Engineer: 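Please find one structure pasted underneath; my questions will follow.
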Number of protein chains: 2
Amino acid sequence: MKRTTIKDVAKKLNVSVSTVSRAFNNKYDIKEETKELIIKTAKELGYRPNPIARKLIQQRSYNIGIIVPEFVNSYFPDVIMEAQKVLIDKGYQVLIMQSNDSSETELKNLETLLDNMVDGLIVSLIREDDNIEKYKELLDDKMPIVFFNRVADKLDACKVVFDDFKWAFFATEHLILQGYEDIVYLSGPKHMRLSLNRIMGFEKAHRKHRRDVGKIIPCGFSMEEGAKAARQMIENNQVPRAIFAANDHCAIGAMRVFKEYGYNIPKDVAIVGFTESRLAEHIHPTLTTVEQPTKDIGITAANLLIEQLENKGMFVPQTIVLNGRLNVRESSVTH
Amino acid sequence: MKRTTIKDVAKKLNVSVSTVSRAFNNKYDIKEETKELIIKTAKELGYRPNPIARKLIQQRSYNIGIIVPEFVNSYFPDVIMEAQKVLIDKGYQVLIMQSNDSSETELKNLETLLDNMVDGLIVSLIREDDNIEKYKELLDDKMPIVFFNRVADKLDACKVVFDDFKWAFFATEHLILQGYEDIVYLSGPKHMRLSLNRIMGFEKAHRKHRRDVGKIIPCGFSMEEGAKAARQMIENNQVPRAIFAANDHCAIGAMRVFKEYGYNIPKDVAIVGFTESRLAEHIHPTLTTVEQPTKDIGITAANLLIEQLENKGMFVPQTIVLNGRLNVRESSVTH
DNA sequence: CTGTTAGCGCATTCAT
DNA sequence: ATGAATGCGCTAACAG
């Protein structure tokens, strides 16, 4: 069963292939009448333009690569699915790769995507310093790239970021306003800009309310790391009144340990997470957390990329900062 | 910065393009010496064969489509990532689509993928009866398809499935052996083969141990549904001694409600989930659950597809049944 | 408004 | 063992 080609349609109607082509790319002059006839006949014959041939002649792959660190948290799948919707609508094909939290894998992914001739990239970096030369090269070659979530200051490119500073500030202030004196911040890796921004928000909230800034403990984004941090606090007899965690998984890991040791959440220890996860509403107590606009992030990144793709060359890199929401739940509220 | 083409390499070495082509597809006679020289020079020039041109001439897209119902549970991302690894290794490009639990979306995804001329498909169905005609058509046209997880009996195709019967049996038997008398099964949707298989396993375990088969309550795969079912049992004063749930989310939803109402897990109600999730180890109490071999599923599906791709035509559809593991944890063990 | 022509980059058949 | 020629399906420049 051979695929119907443009020739079959042309032959059938005794027109030239270019006329058929015009009908399908309605940008050249073509009589409305013939155009409709062609479209109609094409449909009857089951003709669909061969995207591969089109790509070859147009010298564009219509492939977009997306690279993310992991798929463990729902954050990245959520962002990706939204971005994909937008891109597919515009006729792009989306290739998704995850780097498994390894910069080497990230580089390999990058190369796989380049081999597949992607026209553009949407990337969340593993580490802001690794592979940076490679990205610079690509950027210099005018490869459209939009970074999001984990971005590198050193890269002059389009970025879609969350206002980590502001929302860390709000989350911290929320804890302060609830009357918690002694707040510990379980911070994400310090090599990430977003960790630093959140730390700054954490500090600012303290300053605003004239408190001493609470302890900042480097942690990570996994339940294990959250649990480990909690265990350490307990062992060291340094359990604070409240904890603000790098993300929900980390918060939940810590929460679990505290509960195991008989601490009541939030009476003994209040907890706030970050980046609303699917679990936040479902654990006990339900978790107060900052919700990131995953949909918006995906859509915005995709749109920025499309803009670049369409105005290749004359395009000014811009950074778009998105807003979030604090979902206050049981884990941080004592009545 | 134009991409180096096969011509550039040929010109540089004063050989013909066909010789270069041969060097890169080492299947024709070519002197080892010239071949090496060509490969070496090609690398120097930064030449990489244009996959699009290759696809056009070979009449293959090297695109593989993967369609899954959702990305909420970690199950599908896990399977996909493994399948993708295998496929990319073989030079395929993977297009991932999720159906959002809607058969219409599934159909749209299917068409998007077909537009992109996928050479093959890996699919987990939304409903076993929907879109079945479409799949039959594709299968009749010799489109290589591998179904997994949610498959349709009516489709004569390659399938990779989990032994739901056996592992539901083991899970149930585990509860029986722990001494729980009265076991309720929160079943997944009855239109799914896998739900029925699990029910059969549930029943068989009861028969083997000469018990009356416990109640089977149709539920679903979400936390909400699990919670709802639990609430209903409590209201109706029909709380069983043990619950076997359709999946971990469902189990956790139910667990939460029971805990809220002061039930102790596992003393008052024991709970077993299905399809090991990231949460199982991290909630309290930790959840006993059946682990599915997600990696194997992904790898097997990919390999089956590759086999079909390579032996197109003379290929006998086969069903591969994979084994799992019961991870016994606190939620089902009373000491 | 439409047809003719060329060619995107490559694999492959047919010569040699 | 290698080169020349052909064409995959399509778009676009050029003619008319």
Side-chain angles (χ1 to χ4, degrees), chain A residues 1-39 41-43 45-63 91 93 114-119 310, chain B residues 1-39 41-43 45-63 91 93 114-119 310:
Chain A
M1 193 212 53
K2 235 176 116 285
R3 210 179 143 102
T4 322
T5 76
I6 199 170
K7 271 189 200 159
D8 301 322
V9 182
K11 207 170 289 167
K12 177 89 175 187
L13 289 173
N14 277 320
V15 295
S16 72
V17 288
S18 32
T19 307
V20 180
S21 176
R22 280 176 193 119
F24 274 87
N25 297 282
N26 48 314
K27 50 180 167 182
Y28 294 98
D29 304 330
I30 181 170
K31 215 200 296 172
E32 192 59 34
E33 216 173 292
T34 48
K35 179 174 151 184
E36 275 164 22
L37 181 63
I38 287 171
I39 299 285
T41 322
K43 194 180 286 176
L45 295 176
Y47 167 72
R48 342 214 49 170
N50 180 327
I52 295 173
R54 175 178 268 167
K55 288 169 180 186
L56 183 60
I57 186 88
Q58 292 189 162
Q59 297 284 59
R60 294 178 56 178
S61 72
Y62 286 93
N63 281 171
Q93 208 171 90
L114 263 15
D115 277 354
N116 280 298
M117 306 185 71
V118 289
D119 291 341
E310 290 175 356
Chain B
M1 194 210 52
K2 237 176 115 284
R3 210 179 144 102
T4 323
T5 76
I6 199 171
K7 270 188 202 160
D8 301 322
V9 181
K11 207 170 291 168
K12 177 89 175 185
L13 289 173
N14 278 319
V15 295
S16 72
V17 287
S18 26
T19 306
V20 179
S21 176
R22 278 176 195 118
F24 273 87
N25 296 280
N26 49 314
K27 50 180 168 184
Y28 294 97
D29 304 330
I30 181 169
K31 214 198 300 173
E32 193 59 33
E33 215 174 291
T34 48
K35 180 175 151 185
E36 275 165 21
L37 181 64
I38 287 171
I39 299 284
T41 322
K43 193 180 287 177
L45 295 177
Y47 168 71
R48 340 215 48 169
N50 180 328
I52 295 173
R54 173 178 267 167
K55 287 169 181 186
L56 182 61
I57 188 91
Q58 293 188 161
Q59 297 285 59
R60 295 177 58 178
S61 72
Y62 287 92
N63 281 170
Q93 207 171 90
L114 263 16
D115 277 354
N116 281 297
M117 307 185 71
V118 289
D119 291 341
E310 290 175 355

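Letters A, B, ... are given to chains in the order of the sequence lines, protein chains preceding strands, and every chain is numbered from 1. Only a predicted model underlies this, so the values are computations on that prediction, with no experimental measurement involved.
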Engineer: Is any side-chain nitrogen or oxygen of A:Asn50 closer than 4.0 Å to OP1 or OP2 of D:dC8?
Structural biologist: no
Engineer: Does some side-chain heavy atom of B:Leu114 sit less than 4.5 Å from a side-chain heavy atom of A:Arg48?
Structural biologist: no
Engineer: Taking B:Ser21 for the side chain and B:Val17 for the main chain, is one N or O donor matched with an acceptor at less than 3.5 Å?
Structural biologist: no
Engineer: Please tell me if A:Thr34 has a side-chain N or O lying less than 4.0 Å from either OP1 or OP2 of C:dT2.
Structural biologist: yes
Engineer: Describe the nucleic acid contact of B:Val15 in one word from base, sugar-phosphate, nothing, applying a heavy-atom distance below 4.0 Å.
Structural biologist: sugar-phosphate
Engineer: Side-chain N or O of A:Arg54 versus OP1/OP2 of D:dC10: is the shortest distance under 4.0 Å?
Structural biologist: no
Engineer: Does B:Lys7 make a side-chain N or O approach to OP1 or OP2 of C:dC8 shorter than 4.0 Å?
Structural biologist: yes
Engineer: When only distance counts, do a donor and an acceptor, one from the side chain of A:Ser21 and one from the base of D:dA12, lie under 3.5 Å apart?
Structural biologist: no
Engineer: Taking only the side-chain nitrogens and oxygens of A:Thr19, find out if one of them lies under 4.0 Å from OP1 or OP2 of C:dG3.
Structural biologist: yes
Engineer: Where each residue is assigned the nucleotide of DNA chain C containing its nearest heavy atom, which of B:Ile6 and A:Ile57 is assigned the position nearer the 5′ end?
Structural biologist: A:Ile57
Engineer: In the structure I gave you, are the side-chain heavy atoms of A:Thr4 and A:Lys12 within less than 4.5 Å of one another anywhere?
Structural biologist: no
Engineer: Quick check for you: to the nearest 0.5 Å, what is the distance between A:Leu13 atom CG and A:Leu45 atom CG?
Structural biologist: 7.5 Å
Engineer: So, OP1 or OP2 of D:dT11: does either fall under 4.0 Å of a side-chain N or O from A:Gln59?
Structural biologist: no
Engineer: So does A:Ser18 reach the base of C:dT4 with its side chain, donor to acceptor, closer than 3.5 Å?
Structural biologist: yes
